[in-house]
Every structure is written in structure tokens, then in C-alpha cells.
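Here is the structure we will look at.
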Amino acid sequence: MSTSDHIFDENMAVLHKMAPLLADRVRGYGGRPSWELVPALNGQVTARTVSAEGLVRHIHSSYDPEKEALRWAGLAPRDAGTLAVLGFGLGYHAVAVRRMHRDGPLVIIEADPGLFHLAMRSVSLTSLLDDPLTHLFVQESREDIERFLNGLNPRSLGYLSYFPVTDLYPEYYQPIRDILEKRIFERRLQETPALGRGIEGLLRETMG
């Protein structure tokens, strides 16, 4: 299935305005993605990969990617001032989360630049890319992501993992989950000092 130059050009024009360094990386991408674009039953685009054993794996629904994305986005914590999405895929679920989570920063982290390149070529993402509260990290280091998260001061922080992507790169995403869990725990300690005192008491009992 061929991609659309029109979609790519529109996405890239917005990405270049919002994140010029990432846009340059996308334009210069020369690898071959391991995913094949295929049509879903509702006419949208999804992607699949076939293992050496013949196992077919879809990154989004083969029936209705957008409907699946809306259901998934409904799992997002409603009280999160900042929300992180681990795994971009073709972006359907990230767009759905942005619609539901309009008031705070949305941090999107993708391990696979080839998959992101496919997304830019196959799905209209301009509404997401043009949002100044959307922050994209594509194959960035754990240190750079942690530095960015530490620079935020959210009233609360939550995250969602898109498992069709994150399960493929556990060594990349697990350290980022650890960073997010640490930030969430530190925020809880600030809001509930008694929690910290209780933990200190348990530690003293354990050590004693």
C-alpha cells in the first residue's frame, strides 16, 4: 500500500515549525521500517509485521484503528496535569488522547524512528503536531527524557503505555517507566507528607 506525499508534506510542514530538529531527522531517515502499511476494514491505514514463523502482528486494529484508539484513550487518568504516552505507533491513540486531555502537556515517547516515519507518511497528524503542549521524543536518550520531565512542574503526572509498541522495545521503555514512577511517587510525597513519614518509620523498623 502506497503512502501519501500530500499527508507527509502537511505533517512535515507543521513538525518543522514546532520541532525543526526532529523534522530534519525524519526527512533524513533512510532506514527500512520493519512494518508494512495495510488498509484496515474501515478504510484507514494500519501496519503489520510478519515474523519468521508467520505470526502476523498489527500495530493498530485491522478493523477500525480510530475506534480502538478512542477506547484506549479513555483509560488515561483524568486528573493528570501532565500525561505521558509511551509508544506512538501510527499516532491514532495519541491524537485521541490529545482530544480528551486538552488542558495539560502531552509527552509522547517513541523508540522506533522507522515507525514514526511511517506515521508521518500515512496518517494526518497536524492537529496533534500543531499543539504547543505536545512534546515529541523519538528515539531520544533516557537522560534527555528525564531532564525534560524534571523541568516540568505538573500538578500531577500520569502515563499510559501503548503495549503493541512498548512490548517490542522493553529495554528502551522500562527505564522510562521507572523515571515516571519515580516522579509520580515524589509528587505524592510532596502532597502527602504523612506518607513519607510512614515509609521512614517502616524503614527504621526494618533496619532495627
Side-chain angles (χ1 to χ4, degrees), residues 1-8 11-12 15 22 25-77 83-101 106-125 128-129 134 136-142 144-145 158-181:
M1 181 175 182
S2 63
T3 56
S4 167
D5 289 339
H6 177 68
I7 289 175
F8 184 68
N11 284 337
M12 288 301 298
L15 183 65
L22 177 56
R25 285 172 54 204
V26 173
R27 284 202 182 277
Y29 178 76
R32 291 191 62 186
S34 56
W35 295 91
E36 173 195 9
L37 291 173
V38 293
L41 286 181
N42 73 337
Q44 292 180 318
V45 178
T46 186
R48 70 182 180 188
T49 186
V50 183
S51 71
E53 296 77 23
L55 178 65
V56 178
R57 179 173 188 151
H58 287 86
I59 200 75
H60 296 286
S61 169
S62 60
Y63 297 93
D64 192 328
E66 192 168 67
K67 186 176 181 180
E68 174 199 59
L70 289 170
R71 286 199 302 266
W72 185 88
L75 301 174
L83 185 64
V85 170
L86 306 187
F88 186 76
L90 296 184
Y92 292 108
H93 58 288
V95 171
V97 167
R98 179 77 277 177
R99 288 178 189 163
M100 296 183 181
H101 185 80
L106 178 64
V107 183
I108 303 169
I109 301 167
E110 173 56 57
D112 187 343
L115 191 52
F116 185 75
H117 189 267
L118 271 184
M120 294 290 288
R121 288 195 169 277
S122 56
V123 179
S124 178
L125 300 167
L128 177 73
L129 300 173
T134 296
L136 278 167
F137 293 86
V138 180
Q139 206 184 31
E140 299 290 352
S141 70
R142 180 184 65 181
D144 285 344
I145 293 170
Y159 73 93
L160 279 172
S161 296
Y162 188 67
F163 293 114
V165 174
T166 59
D167 283 355
L168 296 172
Y169 307 97
E171 72 288 345
Y172 180 86
Y173 285 108
Q174 187 55 54
I176 296 171
R177 285 194 189 97
D178 293 342
I179 292 168
L180 290 164
E181 290 288 352

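Keep in mind it's a predicted model, so treat the numbers as computed, not measured. Values below: all heavy atoms of this structure, side chains included; hydrogens, waters and symmetry mates excluded.
- For the residue pair Tyr162 / His60, a side-chain donor-acceptor distance below 3.5 Å is found, with atom types taken as modelled.
- Across all non-hydrogen atoms, the minimal contact from Ala69 to Ala96 is O-CB, 3.7 Å.
- Centroid-to-centroid, the aromatic rings of His117 and Phe8 come within less than 6.0 Å.
- Residues Arg121 and Ile7 fail the side-chain proximity criterion, which asks for heavy atoms closer than 4.5 Å.
- Contact check for Leu41 versus Asp64: no side-chain heavy atoms found under the 4.5 Å cut-off.
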Quiz: residues 85-94 side-chain donor-acceptor pairs under 3.5 angstrom, not counting sequence neighbours:
| residue | atom | partner | partner atom | Å |
| --- | --- | --- | --- | --- |
| Tyr92 | OH | Val45 | N | 3.1 |
| Tyr92 | OH | Val45 | O | 2.5 |
| His93 | NE2 | Gly87 | O | 2.7 |

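- The closest side-chain heavy-atom distance from Leu106 to Leu128 is below 4.5 Å.
- Heavy-atom minimum distance, Val95 versus Leu125: CG2-CD2, 3.9 Å.
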- Task: In sequence, state the C-alpha distance, the side-chain angles, and the governing distance for Leu129 and Met120, and then conclude on side chain to side chain contact (heavy atoms under 4.5 Å, CB included).
- Result: CA-CA 10 Å; Leu129 300 173; Met120 294 290 288; 3.9 Å; yes

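- Distance CZ/Phe137 to CD1/Ile145: 6.5 Å, rounded to 0.5 Å.
- Between the side chain of Asn11 and the main chain of Ser124, no donor-acceptor pair closer than 3.5 Å is present.
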- Evaluate side chain to side chain contact (heavy atoms under 4.5 Å, CB included) for Tyr63 paired with Asn42, printing each intermediate quantity in order. CA-CA 6 Å; Tyr63 297 93; Asn42 73 337; over 6 Å; no

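- No side-chain N or O of Ser62 forms a donor-acceptor pair with one of Arg48 less than 3.5 Å apart.
- Summarising the geometry, atom CZ belonging to Arg99 is positioned 6.5 Å from atom CG belonging to Leu70; distances are rounded to the nearest 0.5 Å.
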- Task: Walk me through it: do Leu22 and Leu136 pass the test side chain to side chain contact (heavy atoms under 4.5 Å, CB included)?
- Result: CA-CA 8 Å; Leu22 177 56; Leu136 278 167; 3.9 Å; yes

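- With no hydrogens or angles considered, a side-chain donor-acceptor pair links Asp112 and Tyr169 at under 3.5 Å.
- Nearest approach of Arg57 to Pro164, heavy atoms of both residues: NH2-O, 3.6 Å.
- Side-chain contact between Leu115 and Glu110 is present, with heavy atoms from C-beta onward closer than 4.5 Å.
- If you take OG1 on Thr166 and CD1 on Ile176, they are separated by 10.5 Å, rounding to the nearest 0.5 Å.
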- Item | Steps toward side chain to side chain contact (heavy atoms under 4.5 Å, CB included) verdict (Val107, Leu83) | CA-CA 6 Å; Val107 183; Leu83 185 64; over 6 Å; no

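- Not counting sequence neighbours, the partners of Arg142 by the side chain to side chain contact (heavy atoms under 4.5 Å, CB included) test are Pro175, Ile179.
- The side-chain heavy atoms of Asp167 and Tyr173, taken from C-beta on, include no pair separated by under 4.5 Å.
- Residues Glu66 and Arg71 are not paired through a salt bridge, judged by the lack of any N-O separation under 4.0 Å between the basic side chain and the carboxylate.
- The nearest pair of heavy atoms linking Pro113 to Gln139 is CG-OE1, 3.5 Å.
- With a 4.5 Å cut-off on side-chain heavy atoms, Pro39 and Thr46 do not count as touching.
- Looking at Tyr172, its side chain never comes within 3.5 Å of a backbone N or O of Ser141 through a donor-acceptor pair.
- Taking every heavy atom of both residues into account, Ser161 and Tyr159 meet most closely at OG-CE1, 4.0 Å.
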